[in-house]
*Asks:* 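Before we start, here is the structure in question, set down as structure tokens.
Just follow the structure's listing: the first ligand is 1, and inside any ligand the first atom is 1. It should be emphasised that the depicted structure is a prediction, and the values quoted were computed from it without experimental measurement.
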Amino acid sequence: MKEYPSGDLRTFGVVGHATAGKTMLTECLLACSGKIGRLGSIANGTTVSDYHESEQKRKISIHATLLHTEWLDKKFNVLDTPGYMDFISEALGALRVCDFAVVVVHAVDGVSLGTDEVWKYATDLAIPKLIVMNMLDKEHTDFDGVLAQLKERYGERVFPLGLPVNPGPGFNQVLDVLRRQVLTYEADGSGRFQEAPPAGPWADKANTLHQQLLESVAESDDALLEKFFDQGGLSEEEMRAGLAAAFLKQAVIPVFCTAAETNVGVARLMDFIAKYGPSPLDRPVVKGVDANQNEVQVALAGPAPVLYVFKTLNEAHIGEVSFFRVYAGTVRFGTDLYNANRSTTERISQLFVLNGQHRTTVNCLHAGDIGTVVKLRHTHTGDTLCAPGLTVSLPKVQFPKPNIHAALKLKSKGEEDKIAEGLSAFSEEDPTFVYQVDGELRQTVLSGQGELHLQVISERLKSRYKVEFDLAAPRIRYRETIKTRAESKYRHKKQTGGAGQFAEVWMRIEPKPRGTGVEFIQTLSGQNVDRVFVPSVEKGVNAACAEGVIAGYRVVDVKVDFYDGKQHPVDSKDIAFQIAGKEAFREAFLNARPCLLEPIHSVEVKVPDDAMGNIIGDLSSRRGKILGMDSAGGFQIVKAVVPAAELYHYSTVLRSLSGGRAAHTEAFSHYEEMPKELEQKVIAESKKAKEEERA
Ligand SMILES: Nc1nc2c(ncn2[C@@H]2O[C@H](COP(=O)(O)OP(=O)(O)O)[C@@H](O)[C@H]2O)c(=O)[nH]1
Ligand SMILES: [Mg+2]
């Protein structure tokens with residue numbers, strides 16, 4: 001492939017709600033430009049983008065896929081991303097390195113939660129968006145309705161550059177607003193079209209919209225506006241010259257009409273991208289930091305290469321593939337680059353551009369381009385590679401927090417090491433997948449962005465690391481505490497055979513406010529107990545608190561006063577006072593009306609208005625308390641506190657209650673006393689578990 005300078009690159013992410021047709025759209029880009037002979041299909045699992053087995057099996061995208069093609073002497077770098085919120089990190093990571101976003105919207109379903117999310121991400125990243133209204137060959141399409149919805153949501157600058165002339169089954173004609181022609185696409189999936197002047201009302205529509213476009217472009221720029229008033233309008237050339245800038249500024253947010261299943265409308269979208277789409281030159285500098293965390297500017301025109309790794313993926317038979325964008329300079333194969341995040345050097349042995357799994361070797365890639373390299377040793381998602389001598393790192397993407405957790409239960413012992421290696425590799429690859437080895441509750445908890453996310457990760461772990469395990473509800477970190485004061489006097493005595501042990505500990509305990517932990521003091525007076533034994537007693541108390549007294553959970557919010565005791569001149573020793581301290585505490589604890597506390601999470605749910613009733617009702621059935629509600633553009637934000645025990649798989653429940661349109665975040669808030677009947681259940685379960693352990 002020929003070399004492309006920065007100005008001839010068009011790098012974009014194809015994003016939007018699941019099943020809007022993003023993957024088919026990218027298939028069309030390749031078909032139109034002759035990269036592939038004919039369109040693959042989702043049903044048969046033959047698209048270039050969805051080449052992983054897990055994707056073909058489910059007929060959905062799971063990984064962001066890199067594709068490239070050439071059109072009107074421009075190189076397109078395309079990142080096809082999954083629409084499911086479970087894999088949102090893929091879309092986020094991809095948009096981070098794009099110069100604009102192609103947001104695909106379903107012409108029947110319209111804007112949905114997924115559309116809003118990616119819109120927000122692109123806006124936060126300050127990249128322009130264009131909209132593709134796809135599925136216009138479906139029955140019950142509603143172009144005008146969805147367009148109105150888009151304008152309401154994203155502003156009046158949303159502007160149709162195409163109108164569907166014959167929407168619905170058989171759709172093959174688009175009124176092209178730039179050309180003022182009706183384009184009739186061929187039925188063979190090649191994406192080719194014939195054009196003819198519009199007739200009757202379509203001619204009027206074309207003229208009206210064309211004039212509106214001209215005005216929008218004029219308004220986007222002071223010099224053009226002046227011309228517009230001086231000349232009483234803009235020439236076609238002037239309008240077209242201003243269109244790229246208007247798009248970049250989002251003074252015009254274009255909407256295109258397509259049916260990706262039959263490759264209708266895509267060729268003209270490609271023309272627009274090639275002619276008016278932003279190139280890397282439109283973002284000549286980005287900010288990073290040096291080794292001392294001081295801000296530095298990375299200039300596209302700078303001579304020394306700076307690369308940002310936005311994704312890594314372990315591929316069967318290939319190994320680790322690192323996807324990067326060049327932010328400065330030119331990267332050539334055979335060079336060594338410095339990983340500023342990990343202070344190591346990596347060799348770029350070969351450079352590839354991809355079309356899904358098909359790799360093409362290239363000698364070099366210029367600033368702004370996207371490529372991959374295999375088998376880097378220490379580089380992970382979010383790292384920056386730069387020319388030796390530079391120590392710059394570019395900002396990492398902020399990913400959403402996990403919303404679902406499950407405990408991993410190995411089916412057989414002895415595979416702990418294998419699974420540990422796998423978990424670590426997967427969380428390096430996918431920053432939204434995290435795991436925690438919980439020593440307190442002796443469990444490994446996997447956390448992700450949804451049930452499907454954890455399912456896919458489990459599947460890949462099992463097949464790559466050859467381990468068998470189940471996912472189950474994680475054990476909850478309950479806490480034990482007391483409700484009243486109590487005292488105890490405990491004597492520990494062992495005087496049979498060998499050295500004897502003797503200690504007596506007198507202790508008072510009382511409740512402390514929530515969240516204050518355990519406080520140990522001594523108020524010994526007189527000489528009954530030597531002060532050297534105070535730390536021994538404290539150790540014993542700490543051990544009892546860590547082990548728990550009534551159900552095996554850590555004790556919190558108790559004040560312990562060691563106020564007196566007895567000792568023996570020979571048999572009193574550290575261990576004896578530890579044991580007495582521990583037992584004295586346990587005894588006092590049991591007399592102080594012990595109870596269990598449960599963790600309460602604060603939860604924020606983003607709900608479409610029409611699903612509010614369901615969601616509120618469900619929250620109450622989970623012992624949730626609603627704290628408040630705010631409305632935000634067709635959605636309500638419900639704030640609530642809910643016991644952690646009731647949140648297992650909540651994200652899945654939420655999706656099914658709202659048809660996939662609601663999402664939530666959760667975070668630990670505080671501990672609260674739990675209802676008696678549930679407390680009894682937890683205590684009984686822990687007893688049973690202990691007995692099983694002993695057996
Ligand atoms: N009728 C019709 N079906 C489409 C169109 N685009 C995609 N599809 C189908 O809709 C489903 C989802 O498409 P896909 O490209 O996987 O959507 P994605 O999740 O956005 O990538 C698949 O069965 C496609 O074959 C279209 O324009 N018209
Ligand atoms: Mg897809």
*Asks:* Using a heavy-atom cut-off of under 4.0 Å, does the side chain or the backbone of Lys138 touch ligand 1, or both, or neither?
*Replies:* side chain

*Asks:* Pull out every atom of ligand 1 sitting under 4.0 Å from any heavy atom of Ala259, numbered as shown with elements.
*Replies:* 27 (O)

*Asks:* Specify the protein heavy atom at minimum distance from atom 18 (P) of ligand 1: its residue, its atom name, and the distance to 0.1 Å.
*Replies:* Lys22 N, 3.4 Å

*Asks:* Tell me whether Asp50 is salt-bridged to Lys59, with the criterion being a basic N under 4.0 Å from an acidic carboxylate O.
*Replies:* no

*Asks:* Using ring centroids (six-membered ring only for Trp), state whether His106 and His17 fall under 6.0 Å.
*Replies:* no

*Asks:* Have a look at ligand 1 and work out which part of Asp137, if any, has a heavy atom under 4.0 Å from it: side chain, backbone, both or neither.
*Replies:* side chain

*Asks:* Where the side chain of Lys462 meets the backbone of Phe469, is there a donor-acceptor pair that is under 3.5 Å apart?
*Replies:* yes

*Asks:* Quick test: of every protein heavy atom, which one is nearest to atom 6 (N) of ligand 1, and how far off is it to 0.1 Å?
*Replies:* Asn134 ND2, 3.1 Å

*Asks:* Below 4.0 angstrom, N of the basic side chain to O of the carboxylate: do Arg325 and Asp369 qualify?
*Replies:* no

*Asks:* Among Leu147, Val105, Val132, Val177, find the one that has a side-chain contact (heavy atoms from CB on, under 4.5 Å) with Val255.
*Replies:* Leu147

*Asks:* Considering non-hydrogen atoms of the protein only, which is the closest contact for atom 9 (C) of ligand 1, and what is the distance?
*Replies:* Glu261 OE1, 3.4 Å

*Asks:* Identify the closest protein heavy atom to atom 16 (O) of ligand 1: which residue and atom is it, and at what distance?
*Replies:* Ile42 CD1, 3.1 Å

*Asks:* Does a side-chain N-to-carboxylate-O contact under 4.0 Å join Glu429 and Arg460?
*Replies:* yes

*Asks:* Looking only at protein heavy atoms, identify the closest one to atom 19 (O) of ligand 1 and say how far it is in Å.
*Replies:* Thr19 N, 2.8 Å

*Asks:* To the nearest 0.5 Å, what is the distance between CZ (Arg240) and OH (Tyr276)?
*Replies:* 4.0 Å

*Asks:* Which residue from Met135, His17, Lys59 reaches closest to atom 11 (C) of ligand 1 through any of its heavy atoms?
*Replies:* Met135

*Asks:* Is it true that some N/O/S atom of Met24, main chain or side chain, lies under 2.8 Å from the Mg ion (ligand 2)?
*Replies:* no

*Asks:* Starting from atom 27 (O) of ligand 1, locate the nearest protein heavy atom and write down its residue, its atom name and how far away it is, to 0.1 Å.
*Replies:* Ala260 N, 2.8 Å

*Asks:* Tell me the nearest of Gly16, Ala20, Gly21 to atom 13 (O) of ligand 1, using heavy-atom distances.
*Replies:* Gly21

*Asks:* Could Lys120 and Asp116 be called an ion pair, given the rule that one side-chain N must be under 4.0 Å from one carboxylate O?
*Replies:* no

*Asks:* Considering heavy atoms of the protein only, find what lies nearest to atom 15 (O) of ligand 1 and give residue, atom and distance to 0.1 Å.
*Replies:* Met24 N, 2.9 Å

*Asks:* Report, rounded to 10°, the angle at the Mg ion (ligand 2) between the two atoms OG1 (Thr23) and OG (Ser61).
*Replies:* 90°

*Asks:* For Phe171, run the side-chain contact (heavy atoms from CB on, under 4.5 Å) check against Thr258, Asp137, Val165, Thr262 and tell me which one passes.
*Replies:* Asp137

